[in-house]
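Written out below as structure tokens is the structure these notes cover.
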Amino acid sequence: MQLTQSSGQVTVLDSKALERALTRICYEIVERNEGLDQLVIVGIRTRGAYLAQRMAAKLYSLSDVDVPVSELDITLYRDALDPNEHRERPQNPVLSGTNVPRDLAGKTVVRVDDVLFTGRTVRAALDALLDTGRPDRILLAVMVDRGHRELPVRADFVGKNIPTSLGEAVDVRVTEVDGEDAVTIRKVASR
């Protein structure tokens, strides 16, 4: 894949490359799991949910197993809420867009997200997921791992490793939200 640049953005994966990366992740999931009957895919809203739906369709085409796919809203679990707001985490939060099954015992859950950066979103998703049930195993699939971890988190399945600086942002674009499939890098103010 040749990098293309336009209007301050560099495209590192076009739609075909993104599709190949997603397919590769699905093959790796099949290889690491003996049968997919106990697998559940949980997409982290927003773009991770769309990637999860695509993964479920690909897994079905590879194995003839209809893998359940759910969506997880982690809004109330984030530690990056406005510091001027002093919200306490609710006891039994109800989140719009979360439809994870309550009975996860005996299941392997694959959490799906678009970009792995500091690890804070993944940690929040883990907290939210464990509030809904106790699966046997939890794995992580991401389209892009860009580095710069602040927490000890690593992905089990990665579409593309893209080393970045803190002055760059990685955007995974999906047709359902953005009108196109692509992964781009753009300049931002450093933290």
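Because only heavy atoms are used, hydrogens play no part in the values below, and waters and symmetry mates are left out as well, while side chains stay in. The chain is numbered in sequence order, starting from 1.
- From Arg137, atom CZ reaches atom CG of Leu39 across 8.5 Å, with rounding to the nearest 0.5 Å.
- With hydrophobic clusters built from ILVMFWY side chains whose heavy atoms lie under 4.5 angstrom apart, Leu59 shares a cluster with Val65.
- Nearest heavy atoms, Leu36 versus Val67: CB-CG2, 4.1 Å.
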**Request:** Walk me through it: do Arg54 and Glu176 pass the test salt bridge (Lys or Arg N to Asp or Glu O under 4.0 Å)?
**Result:** CA-CA 11 Å; Arg54 293 180 191 187; Glu176 298 89 342; 2.7 Å; yes

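- Atoms CG and CD1, on Asp156 and Ile138 in that order, are 10.5 Å from each other to the nearest 0.5 Å.
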**Item:** CA sep, side-chain torsions, deciding dist, call: Ile44, Val42, side chain to side chain contact (heavy atoms under 4.5 Å, CB included)
**Value:** CA-CA 7 Å; Ile44 301 170; Val42 177; 5.8 Å; no

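- The salt bridge (Lys or Arg N to Asp or Glu O under 4.0 Å) analysis of residues 58-69, with sequence neighbours excluded, yields the pairs Glu19-Lys58.
- Here the CG atom belonging to Leu13 is positioned 10.0 Å from the OG1 atom belonging to Thr184, to the nearest 0.5 angstrom.
- A 6.0 Å sphere centred on NZ of Lys107 holds more than 12 heavy atoms belonging to other residues, nucleotides or ligands.
- A donor-acceptor distance shorter than 3.5 angstrom exists from the side chain of Arg111 to the backbone of Val122, with no hydrogens or angles considered.
- Of all non-hydrogen atoms in Val40 and Leu104, the two that sit nearest each other are CG2-CD2, 4.4 Å.
- For the side chain to side chain contact (heavy atoms under 4.5 Å, CB included) with Asp145, the lone residue among Arg149, Met143, His148 that qualifies is Arg149.
- Nearest heavy atom pair, residue Gly133 against residue Pro135, reads O-CD, 3.4 Å.
- When all heavy atoms of Gly119 and Leu151 are compared, the pair lying nearest together is O-CD1, 3.7 Å.
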**Asked** Where do Asp131 and Tyr77 land on the side chain to side chain donor-acceptor pair (under 3.5 Å) test, with the steps shown first?
**Response** CA-CA 10 Å; Asp131 276 354; Tyr77 291 86; 2.7 Å; yes

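- Scanning both residues, Ile25 and Gly159, for their nearest heavy atoms gives CD1-N, 3.5 Å.
- With hydrogens and angles ignored, the 3.5 Å screen pairs a side-chain donor or acceptor of Arg24 with a backbone N or O of Val158.
- Of the possible polar contacts, none joining the Ser15 side chain to the Ala182 backbone as a donor-acceptor pair under 3.5 Å is found.
- Taking CZ of Arg32 as the start and CZ of Phe157 as the end, the distance is 4.0 Å to the nearest 0.5 Å.
- Between Gln38 and Gly106, the shortest heavy-atom distance links the atoms OE1-O, 3.5 Å.
- None of Asp113, Asp171, Asp114, Asp178 except one satisfies the salt bridge (Lys or Arg N to Asp or Glu O under 4.0 Å) rule with Arg47; the exception is Asp178.
- Expressed to the nearest 0.5 Å, how far CD1 of Ile185 lies from CD1 of Ile162 amounts to 5.0 Å.
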**Message:** salt bridge (Lys or Arg N to Asp or Glu O under 4.0 Å), that's the test. Do Arg134 and Asp136 meet it? Break it down for me.
**Reply:** CA-CA 7 Å; Arg134 295 281 181 205; Asp136 280 2; over 6 Å; no

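- One distance of note links OH of Tyr50 with CD of Glu71; it measures 7.0 Å at 0.5 Å rounding.
- In this structure, Glu168 and Val188 have side chains that are not in contact, with every pair of non-hydrogen atoms separated by 4.5 Å or more.
- Both Met55 and Val144 are members of a single hydrophobic cluster when ILVMFWY side chains are connected at heavy-atom separations under 4.5 Å.
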**Message:** If you apply the rule side chain to side chain contact (heavy atoms under 4.5 Å, CB included), what do you find for Leu126 with Leu130, and how did you get there?
**Reply:** CA-CA 6 Å; Leu126 183 60; Leu130 291 175; 4.1 Å; yes

**Message:** Go through it in stages, so that I can follow the logic: the residues are Thr11 and Val183, the test is side chain to side chain contact (heavy atoms under 4.5 Å, CB included), and I'd like the CA-CA distance, side-chain angles, deciding distance and then a yes or no.
**Reply:** CA-CA 6 Å; Thr11 300; Val183 175; over 6 Å; no

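- Put simply, Val109 and Leu116 are part of two different groups of oily side chains (I, L, V, M, F, W, Y) that touch within less than 4.5 Å, one to the next.
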**Prompt:** Yes or no on side chain to side chain contact (heavy atoms under 4.5 Å, CB included) for Leu140 and Val110, after CA distance, side-chain angles and deciding distance?
**Reply:** CA-CA 6 Å; Leu140 175 62; Val110 177; over 6 Å; no

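- Val69 and Leu139 fall within the same hydrophobic cluster, defined by Ile, Leu, Val, Met, Phe, Trp and Tyr side-chain heavy atoms under 4.5 Å apart, directly or through other members.
- In the hydrophobic cluster analysis, where Ile, Leu, Val, Met, Phe, Trp and Tyr join through side-chain heavy atoms closer than 4.5 angstrom, Leu51 is grouped together with Val170.
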